[in-house]
Amino acid sequence: MFARVAFDLPVPTEFTYAVPERLRASVQLGQRVRVPFRTTTRIGYLVAFEDTSELPRIKDIASILDPDPLLPAELMQLARWISGYYCCSLGEVIQAMLPGGVRKSRPKVRCAVIVEGATIESLSKRAKRAAELWEELQGYRKPPVVARLLAETGISRAALQTLVKAGMVRIEEHDADEQFATATAATGETPPELEPQQSAVLDAIYPDIEAKIFRTHLLLGVTGSGKTEVYLRAIDKTVRDGRQAIVLVPEIALTPQTVRRFRARFDRVAVLHSAQSESERRRAWTRIRRGEADVVIGPRSAIFAPVPHLGLVVVDEEHENSFKQETTPRYHARDVALVRAKAVHCPVLLGSATPSLESYSNALRGRYVLHRLPHRVGKLPMPPVELVDMSGEPGRLFSPRLRVAVQHAIDAGGQVILFLNRRGFATLVLCGRCKHMLSCPHCSSTLVFHKGRRRAACHLCGHETPLPDRCPECHQAALKQVGSGTEKVLEEAERAWPRVTYVRVDSDTARGDQIEEALDQFRNGAARILVGTQMVAKGHHFPNVTLVGIVNADTALHLPDFRANERTFSLIAQVAGRAGRSERGGRVIVQTYNPGHYAVALAAQHDFEKFARAELEERELLGLPPLRRCALLVVSGEDQALAKTQMQRVADSVRRHSNTTLVEVRGPAKAPLERLRGRWRFMVLMLSTSASALAEACAIARGTKVTRKIDLVVDMDPAAAL
Ligand code: ADP
Ligand code: ZN
């Protein structure tokens with residue numbers, strides 16, 4: 001009997017070991033094993049069994065680490081697919097699937113257990129403290145953890161020892177996770193009566209849930225159209241049928257407000273997120289694995305939640321970039337969701353007001369079922385969007401139209417969101433005389449001035465420097481600040497409307513819980529004007545917002561990325577969607593230098609489908625996704641010349657060995673971000689209508705030998721071609 005073992009290493013192969021007689025009864029796929037490796041030992045994952053092996057001199061597995069497989073067979077299968085499709089090793093995928101805490105052994109805690117039949121009679125009359133502790137112990141429903149018992153009662157350890165000696169109490173080691181396992185109960189909420197447009201969608205999804213049919217439903221619903229209610233009902237059906245649902249949400253949308261909506265409906269909700277400690281995550285994982293959670297909510301990695309009977313996957317805001325992981329394994333959680341759902345036969349529900357063009361074109365081609373929710377709930381109209389051409393307002397942050405609108409909104413008792421997707425104060429710092437720009441010593445990027453910290457910072461690598469008094473290049477003149485970020489928006493707004501309360505939300509002001517605190521201040525009216533970046537754009541429901549001002553809609557428009565138009569459209573539509581969510585109504589003012597650009601103009605008309613069709617035509621002309629699949633190869637290294645020649649080698653090898661009638665190879669070229677964290681970067685773009693031909697080309701690229709000082713990244717379906 002032989003076993004194949006995968007390691008968390010970037011090596012494409014698995015290694016064969018013999019299973020010694022003494023371990024044969026206990027080995028199972030998905031366990032971790034310790035094996036001899038070169039001159040030492042290593043821990044690896046057991047991924048396959050074989051009856052025979054051709055290899056000479058096969059070493060034995062030394063020991064098994066887990067009594068049970070860490071991953072169920074279904075997820076092992078999924079891991080194999082991910083490793084093949086995203087071009088990485090199986091061990092790397094398994095490592096990424098398991099939350100950190102699960103890979104470690106489970107901690108034990110010491111608990112005080114009452115010995116059956118013991119009575120206080122066994123205790124000496126003088127042991128007063130011990131008697132007290134005995135009384136206290138009777139009040140616990142489960143044997144308490146010793147440390148907790150002593151802390152809560154304030155009684156000494158000696159008293160506990162007395163009880164143990166008297167044979168009344170026994171100290172036992174218990175699984176720490178068991179101690180903390182708590183079931184939450186639904187807070188109870190009567191679901192609203194469905195609107196006809198919601199019922200129509202659900203009527204189409206229910207049969208797939210019930211009959212366990214793999215099918216993808218794309219819910220294209222404007223902001224505030226009741227998509228979440230559709231998710232909740234579909235999940236409810238799944239749970240009533242005895243299966244579990246996974247809900248994927250973008251990282252920044254995973255707020256207490258979102259979680260509350262799910263907890264209000266369902267008893268057994270497990271939440272996974274990146275801010276959790278290892279033990280919290282392990283606990284959640286254990287519960288999920290035992291089938292003790294009906295609904296799992298989390299960001300992209302939640303697609304690996306080991307629910308025993310997956311009955312539905314929901315992907316909210318499916319167009320979001322954060323579903324794509326930017327480190328190995330570079331998987332896209334939405335696409336992994338489809339593969340997993342297909343394997344276990346369950347439907348997938350994708351929802352967005354601005355779907356990715358990938359999903360939308362799949363729907364047009366009939367691969368997904370397209371459902372439209374064209375109206376807001378309760379007959380609320382979509383807010384009117386006014387475009388303001390800023391080319392007539394040089395150097396101004398707020399146009400007269402926006403100023404008047406803010407004043408009106410405040411006077412009428414409404415709230416305002418001022419949106420700019422750039423943090424910091426000034427986006428450029430340059431010399432007034434020689435025009436030298438402060439730039440990052442490690443990246444090909446300019447530094448952004450942060451007034452609060454009085455420093456200039458690189459937003460790519462985090463490099464920071466105090467602002468010099470004079471130009472560091474010509475030493476003649478002072479530095480000028482050009483361009484604006486949220487810090488300046490806030491400063492100018494405070495100057496224009498001094499008696500108003502403000503809150504600023506971007507990744508400089510807020511992290512984790514603080515974001516939610518700041519948003520709460522706005523939600524409860526303590527702050528009247530919210531200034532923020534895309535953190536405020538997603539999913540939030542602020543009924544009192546009557547004006548949204550987009551200070552500059554063009555921030556993404558000129559990025560060297562083929563999705564620049566798509567990003568621009570979606571950001572405008574999402575931010576605009578925060579306005580007019582109650583009877584008070586609302587309006588949106590979009591400041592732009594490109595009012596005629598179709599991404600901007602159609603976003604103002606809330607016309608996603610018209611935009612998508614125009615953009616799809618554009619992509620077709622250029623041969624870009626979603627009409628063809630794309631893979632990006634990036635070679636990087638500290639030595640520019642070496643990185644360049646190595647990229648050329650990889651490109652040559654792909655051109656020589658892959659099917660170039662099926663795969664177009666573009667490049668090598670400098671990456672748009674030519675230098676990042678001190679490394680020079682070159683890229684090759686590969687495009688094909690054939691997924692298998694592209695995968696083959698990726699494998700060839702990955703198999704090309706490059707020198708050790710060079711990194712080669714293969715990124716299948718890249719989120720950004722940067
Ligand atoms: P979306 O997810 O499409 O932005 P939501 O599901 O958040 O929209 O719905 C917007 C608001 O409308 C929420 O406050 C929600 O509770 C409410 N809502 C949703 N469906 C209904 C309905 N059928 N009847 C009444 N209110 C509803
Ligand atoms: Zn940098």
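Whatever order the structure lists ligands and atoms in, that order sets their numbers, starting from 1.
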Please tell me if the side chains of Arg587 and Pro383 come closer than 4.5 Å, counting only heavy atoms from C-beta onward.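 Answer no - side chains too far apart.
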Quick one: are Ser225 and Gln197 in side-chain contact, heavy atoms under 4.5 Å? yes
So which atom in Pro355 and which in Leu220 form the shortest heavy-atom distance, rounded to 0.1 Å?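 Where Pro355 meets Leu220 most closely, the heavy atoms are CD-CD1, 3.4 Å.
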N-O pairing of Arg334 and Glu358 below 4.0 Å: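 Here Arg334 does not pair with Glu358 in a salt bridge, since their nearest N and O are not under 4.0 Å apart.
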For the residue pair His475 and His436, is the inter-centroid distance of their aromatic rings smaller than 6.0 Å?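 Not under 6.0 Å, so no.
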Are the ring centres of Phe608 and Tyr360 closer than 6.0 Å? yes
Need the ligand 1 atom indices (1-based, order shown) with element for anything under 4.0 Å from a heavy-atom of [X].
X: Glu195; answer: 23 (N)
X: Leu194; answer: 23 (N)
X: Glu193; answer: 22 (C), 23 (N), 24 (N)

Hits for side chain to side chain donor-acceptor pair (under 3.5 Å) against His217, two or more places apart or cross-chain, chain-then-number order -> Asp208, His371
Parallel, tilted or perpendicular: which fits the ring planes of Phe611 and Phe569, with parallel below 30° and perpendicular above 60°?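 The rings of Phe611 and Phe569 lie parallel, inter-plane angle below 30°.
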Test Glu318 against Ser359 for side-chain hydrogen bond (donor to acceptor under 3.5 Å, both in side chains), laying out the working first. CA-CA 9 Å; Glu318 67 88 29; Ser359 296; 2.8 Å; yes
If you measure from [atom] to every heavy atom of [options], which option wins on shortest distance?
atom: atom 10 (C) of ligand 1; options: Gly224, Gly221, Pro192, Pro191; value: Gly224
atom: atom 16 (O) of ligand 1; options: Arg261, Glu229, Lys227; value: Arg261
atom: atom 19 (C) of ligand 1; options: Val222, Val377, Leu373, Thr223; value: Val377

Residue-ligand contact Arg581/ligand 1, heavy atom below 4.0 Å: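 The answer is yes: ligand 1 sits under 4.0 Å from a heavy atom of Arg581.
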N, O or S atoms of the protein lying under 2.8 Å from the Zn ion (ligand 2): Cys440 SG, Cys443 SG, Cys458 SG, Cys461 SG
